[in-house]
> 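Before anything else, here's the structure in question.
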Amino acid sequence: SSRCAVDDGTYSTTPLVSFLQRLQSEALKTRGPNSFDPKLYVDLPLKKDLNLTEAAFWKLPRVNGIIPANYLHRFLEDYFGDAGEDLVYTEPEDFVPEPERFLPQVSNPKVRAWALEVHSLWKNLSRRVSDNVKNHPERHTLLPLPEPVIIPGSRFREVYYWDSYWIVRGLLVSKMYDTAKAIVNNLVWLVDSYGHVLNGARVYYANRSQPPLLSSMVMEICTRTGDLEFVRKSLPALIKEYAFWNSGIHKVTIQDLHGNKHSLSRYYARWNKPRPESATIDEEAASKFLNDSDKEAFFREVASTAETGWDFSSRWMSNSYDLSTLSTTSIIPVDLNTYLYKAELDIAFFAQKLGDSKTYKKFLEASNARQFAMRSIFWNAEMNQWLDYWIRSDDCEDVHQFDARNQNDRIFASNFIPIWNWGLTSGLGENSVIVERIYESFLKSGLLQPAGIATSLVNNGQQWDFPNGWSPLQHIIIQGLSNSRSKASYGLAQDIAVRWIRTNYAAYNTTGAMHEKYDVDGCGKVGGGGEYKPQTGFGWSNGVLLALLEQFGWPSDRDIECSS
Ligand SMILES: OC[C@H]1O[C@H](O[C@H]2O[C@H](CO)[C@@H](O)[C@H](O)[C@H]2O)[C@H](O)[C@@H](O)[C@@H]1O
């Protein structure tokens with residue numbers, strides 16, 4: 001990992017988070033590692049003030065340094081509410097059981113009935129922040145978002161940044177425009193308060209963000225509703241968030257072989273300690289590092305990987321099987337820059353609509369520059385894919401010199417994320433030829449599996465690796481393939497959508513739930529691996545399912561069951 005000195009303005013933690021982390025570590029000693037979820041403890045709301053709670057905690061008896069289980073249990077009951085209790089159920093005001101003209105192209109009765117069930121799941125995932133949080137913010141790690149929220153589900157009891165994009169996509173299919181706007185308004189509130197959208201709406205997530213898709217949410221809502229007033233209100237936050245990703249530690253300058261200097265962005269958390277929500281796990285993982293500065297560097301890589309949304313994946317490791325080789329801050333990622341290119345185009349579009357020609361021009365130029373940069377640094381003409389670029393760990397220069405050997409030629413779904421925006425291929429050759437090459441490259445990559453697109457080809461037990469397939473990645477690549485204007489590519493998009501919908505359906509029938517991730521190795525299999533138990537609910541999977549059903553429909557004579 002990178003050892004270059006960087007002034008990153010590392011975030012300070014709050015007394016509440018420090019205390020809850022201490023509680024988490026004591027609870028692990030008492031309860032043992034089986035089924036232990038460290039996040040639970042940092043989500044607990046306090047019933048009384050922190051000083052009273054801490055005083056009672058220090059008075060608890062310890063036997064051989066361990067708090068006895070019955071004492072811990074009583075302490076938790078007396079001093080804390082349940083995790084998640086600070087968000088209360090609320091019926092979304094714009095929810096109706098069957099919206100008018102809901103999925104008109106889905107005529108198969110089984111699929112229709114299921115789609116309506118998935119639509120009704122928005123009610124399960126709908127919450128508002130309880131008044132307790134507004135009255136006593138210092139007793140909660142939850143942030144007091146002003147408007148109703150949709151959560152991913154299960155242990156993810158709070159709003160997440162990039163999940164929200166696919167939740168918005170699904171809400172738009174469900175015609176829940178006000179709920180979709182409320183989600184964006186909450187994220188705008190986070191930008192106003194913190195200067196960026198947080199990984200999630202908890203104080204312990206303030207040290208990092210997640211893949212930046214806020215402008216894309218505004219764009220989808222604007223396209224559906226034509227609400228320019230909503231765009232006008234959101235635009236300043238989009239511009240402010242853009243600056244966060246394009247300055248300071250997130251900005252990287254690299255000079256290509258022709259002497260052109262390019263500005264690209266990377267993930268970089270302002271944190272070099274264990275993640276509070278997984279502190280016991282991070283401490284254990286870091287125990288193999290002997291000195292403090294190596295530990296700090298490792299914790300920084302861990303938190304920065306959480307910022308990527310791909311936590312964790314061989315994509316960020318120099319040794320695919322060894323988490324201690326995480327090098328995220330030394331990687332310039334293809335997907336992040338694709339999202340930022342999209343943000344530049346979105347902001348330019350909004351500015352033009354609102355008559356702000358200066359902003360329009362500035363962001364259009366920025367998008368052209370990033371297009372050029374991505375072509376120069378990421379594109380690999382032999383593989384016909386875009387590859388993440390690794391900065392060598394001993395390269396501490398302000399301007400890095402491009403070296404083609406530093407492109408990471410391992411195969412990941414992210415190597416195809418730029419097809420979300422075919423504008424990024426401009427300058428790569430004649431459009432239909434390049435589409436054909438990328439299409440062939442994708443087919444040969446090994447990523448396409450019986451039940452969808454695998455995240456990578458490495459089966460190392462990490463959740464953003466083989467054999468897991470994730471809804472957001474399916475959706476982006478399907479969107480890209482279907483937007484290429486090539487018939488073959490559209491056919492492939494539809495084929496992947498059918499595989500994905502079938503596997504979601506089969507798993508729903510056997511487990512009664514929508515899942516956070518799926519195993520694409522076979523139809524109906526749910527995903528696994530990683531540091532926490534697989535979760536259900538699930539915001540982005542519901543959103544992607546509804547969006548795909550809207551785009552491709554489901555005719556009455558097409559089977560929904562897994563084909564043998
Ligand atoms: O608690 C561990 C980590 O959990 C989150 O990451 C995963 O769930 C998120 C919500 O669905 C999703 O956005 C992310 O892509 C998943 O990997 C959280 O975002 C991490 O910061 C956290 O450490």
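Each residue takes its place number in the sequence, starting with 1. Counting starts at 1 for both ligands and their atoms, in listed order.
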> Using the test side chain to side chain contact (heavy atoms under 4.5 Å, CB included), find all partners of Leu457 that sit at least two apart in sequence or belong to another chain.
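Leu457 satisfies side chain to side chain contact (heavy atoms under 4.5 Å, CB included) with Ile411, Leu447 only.
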
> Judged by modelled atom types alone, do Thr305 and Asp311 share a side-chain donor-acceptor pair under 3.5 Å?
no

> Using ring-ring contact (aromatic ring centres under 6.0 Å, His included) as the criterion, list what pairs up with Tyr341, not counting sequence neighbours.
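ring-ring contact (aromatic ring centres under 6.0 Å, His included) check on Tyr341 returns nothing, list empty.
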
> Near ligand 1, which residues have a heavy atom under 4.0 Å away from one of its atoms?
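Lining ligand 1 at under 4.0 Å, by heavy atoms, one finds Arg155, Phe156, Tyr160, Trp162, Asp163, Asn199, Tyr205, Arg208, Gln210, Arg275, Glu277, Ser278, Ala306, Gly309, Asp311, Gln463, Trp464, Glu531, Tyr532, Phe538, Trp540.
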
> So, do Phe442 and Asn415 sit near enough that their side-chain heavy atoms are less than 4.5 Å apart?
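In short, these two side chains do not touch, never coming nearer than 4.5 Å.
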
> Any ring pair (Phe, Tyr, Trp, His ring centres under 6.0 Å) involving residues 182-220? Give me the pairs, sequence neighbours left out, ordered by first then second residue.
Tyr160-Tyr205, His196-Phe244

> Look at Asp43 together with Arg202 and state whether they make a salt bridge at an N to O cut-off of under 4.0 Å.
yes

